[in-house]
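Encoded as structure tokens, the structure appears first; notes follow it.
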Amino acid sequence: MKLECQKGDYVVTWTGRASRGYEAKQWCNEQFEPGWGEVHVTGPGASGLAFWKFTFKRLYHAQWFMLRWNSVDQ
């Protein structure tokens, strides 16, 4: 998992199981107010892994996301 600032947004990129990424997307929708950001996914490939890009408007949302999902088995 990696965090970068891009054009004033906070982008977390993550390669992991597709099912975990969809869970993380749902978690964001439940934890943060509407308009928290957006999600893009590439894949999953044959291995079942997908490349996730979560874009947050607030740094603390990105940090909270990383605390919650970085330790999840991928």
Side-chain angles (χ1 to χ4, degrees):
M1 204 174 270
K2 180 177 165 185
L3 173 62
E4 295 179 287
C5 184
Q6 296 178 359
K7 299 179 185 175
D9 289 332
Y10 303 95
V11 179
V12 176
T13 53
W14 174 27
T15 302
R17 290 186 300 173
S19 61
R20 287 293 189 196
Y22 288 114
E23 286 178 42
K25 178 181 175 184
Q26 182 63 35
W27 181 85
C28 288
N29 291 332
E30 294 170 359
Q31 294 297 314
F32 308 128
E33 71 277 355
W36 62 266
E38 55 188 36
V39 180
H40 295 282
V41 62
T42 304
S47 66
L49 296 179
F51 178 77
W52 293 90
K53 181 178 174 183
F54 287 78
T55 303
F56 298 90
K57 300 294 180 190
R58 295 184 172 94
L59 177 58
Y60 71 92
H61 285 176
Q63 292 169 325
W64 188 3
F65 175 87
M66 290 182 74
L67 285 171
R68 168 61 178 91
W69 294 97
N70 197 31
S71 63
V72 172
D73 61 330
Q74 307 206 8

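Scope of the values below: all heavy atoms of this structure, side chains included, with no hydrogens, waters or symmetry mates.
- Across His61 and Trp36, no two heavy atoms sit closer than the pair ND1-CB, 4.2 Å.
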Evaluation steps, side-chain contact (heavy atoms from CB on, under 4.5 Å), between Tyr22 and Trp52: CA-CA 9 Å; Tyr22 288 114; Trp52 293 90; 3.6 Å; yes
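- The side chain to side chain donor-acceptor pair (under 3.5 Å) test applied to Glu23 returns Arg20, not counting sequence neighbours.
- Taking the six-membered ring where tryptophan is involved, the planes of Trp14 and Trp69 are tilted, since the angle between them lies from 30° to 60°.
- Atom CE of residue Met1 and atom CZ of residue Phe65 lie 5.0 Å apart, to the nearest 0.5 angstrom.
- Between Trp64 and Phe32, the two ring planes are perpendicular [angle over 60°; tilted spans 30° to 60°].
- Residues passing the side-chain contact (heavy atoms from CB on, under 4.5 Å) test with Thr13 are Lys2, Val11, Phe51, Lys53, sequence neighbours excluded.
- Closest heavy-atom contact between Gly43 and Ala50: C-CB, 4.3 Å.
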Evaluation steps, salt bridge (Lys or Arg N to Asp or Glu O under 4.0 Å), between Glu33 and Lys57: CA-CA 11 Å; Glu33 71 277 355; Lys57 300 294 180 190; over 6 Å; no
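- For Gln63, there are no side chain to side chain donor-acceptor pair (under 3.5 Å) partners, not counting sequence neighbours.
- The two atoms that bring Ala24 and Phe54 nearest to each other are CB-CZ, 3.9 Å, heavy atoms only.
- For the atom pair Gln31 CD and Gln26 CD, the distance stands at 10.5 Å (nearest 0.5 Å).
- Nearest heavy atoms, Leu3 versus Met66: CB-SD, 3.6 Å.
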